[in-house]
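Residue numbering restarts at 1 for every chain, and letters A, B, ... go by the order of the sequence lines. Keep in mind that what you see is a predicted model, and the values were worked out from it rather than measured.
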Amino acid sequence: LAKTTQPISMDSYEGQEVNITCSHNNIATNDYITWYQQFPSQGPRFIIQGYKTKVTNEVASLFIPADRKSSTLSLPRVSLSDTAVYYCLVASSGGYNKLIFGAGTRLAVHP
Amino acid sequence: KAGVTQTPRYLIKTRGQQVTLSCSPISGHRSVSWYQQTPGQGLQFLFEYFSETQRNKGNFPGRFSGRQFSNSRSEMNVSTLELGDSALYLCASSTRQEETQYFGPGTRLLVL
């Protein structure tokens, strides 16, 4: 499974857009990119998943360049409740059920 | 549709005891995976069950075991508890191996 690298922490303010970039230089052809959000003492919550280009849902957008060696999670107009740890993972068929989590990015949103 | 449920939510045990944690997946999900989360090691994969068979196993000692029932519910057992087993134990389910995993709220285990 491809290893991911993302910033350890980020700070933002309410109402701003936050972009968290993840590097996955060894991503395989059949790997998907998935982002999870985790609040303290809770299970990770699925945010978004993509293979290439751009994916958008009601919570976030995921931008994936053509070479797929990185991806950017975009959170529009963050609020205090978006303070959490965000994990970027890559996994392929047969690997989704054996996720390898990195340290994640600890996002702190300030008033 | 109800999410993944885990019981109990909190548990206190003493060293040497054993513990059994339960996970009920989302209806229709047949794959159940277990993870351990500690401040020092982060989120680590324990094992995965699909159709009552263990298909993947992480790098944990044999004291950690699990099983899955015909209704896809799963249990994990930890025998001879050690202080280092104190952690948040998370269960996740998916429809097939290829699908997104959805996590439960976790069971917080404290070993004294």
Is there a path of hydrophobic side-chain contacts, each under 4.5 Å between heavy atoms of I/L/V/M/F/W/Y residues, joining [Y] to [X]?
{"X": "A:Val55", "Y": "A:Trp35", "answer": "yes"}
{"X": "A:Met10", "Y": "A:Val59", "answer": "yes"}
{"X": "B:Val111", "Y": "B:Phe64", "answer": "yes"}
{"X": "A:Leu75", "Y": "A:Leu80", "answer": "yes"}
{"X": "A:Phe46", "Y": "B:Leu88", "answer": "yes"}

* Asked: Considering all heavy atoms of both residues, which atom of A:Ser41 and which atom of B:Arg108 are nearest to each other, and what is their separation?
  ->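 That would be OG-NH2, 3.0 Å.
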Find out whether [X] and [Y] are in side-chain contact, i.e. whether some heavy atom of one side chain is under 4.5 Å from a heavy atom of the other.
{"X": "B:Thr100", "Y": "A:Tyr32", "result": "no"}
{"X": "B:Leu90", "Y": "A:Gln38", "result": "yes"}
{"X": "A:Tyr36", "Y": "B:Phe103", "result": "yes"}

* Measure distances from B:Leu43 to the heavy atoms of chain A and classify the residue's part below 4.5 Å as side chain, backbone, both or neither. =>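 Answer is both: backbone and side chain atoms of B:Leu43 are under 4.5 Å from chain A.
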* Asked: Tell me, side chain or backbone of B:Gln37 under 4.5 Å from chain A's heavy atoms, or both, or neither?
  ->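 Interface part for B:Gln37: side chain.
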* **A:Tyr51 atom OH, over 12 foreign heavy atoms within 6.0 Å** =>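 Buried by this count: over 12 neighbours within 6.0 Å.
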* Asked: Just by modelled atom types, is the A:Leu99 backbone N or O under 3.5 Å from a matching donor or acceptor in the B:Tyr35 side chain?
  ->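 Yes; at least one donor-acceptor contact below 3.5 Å.
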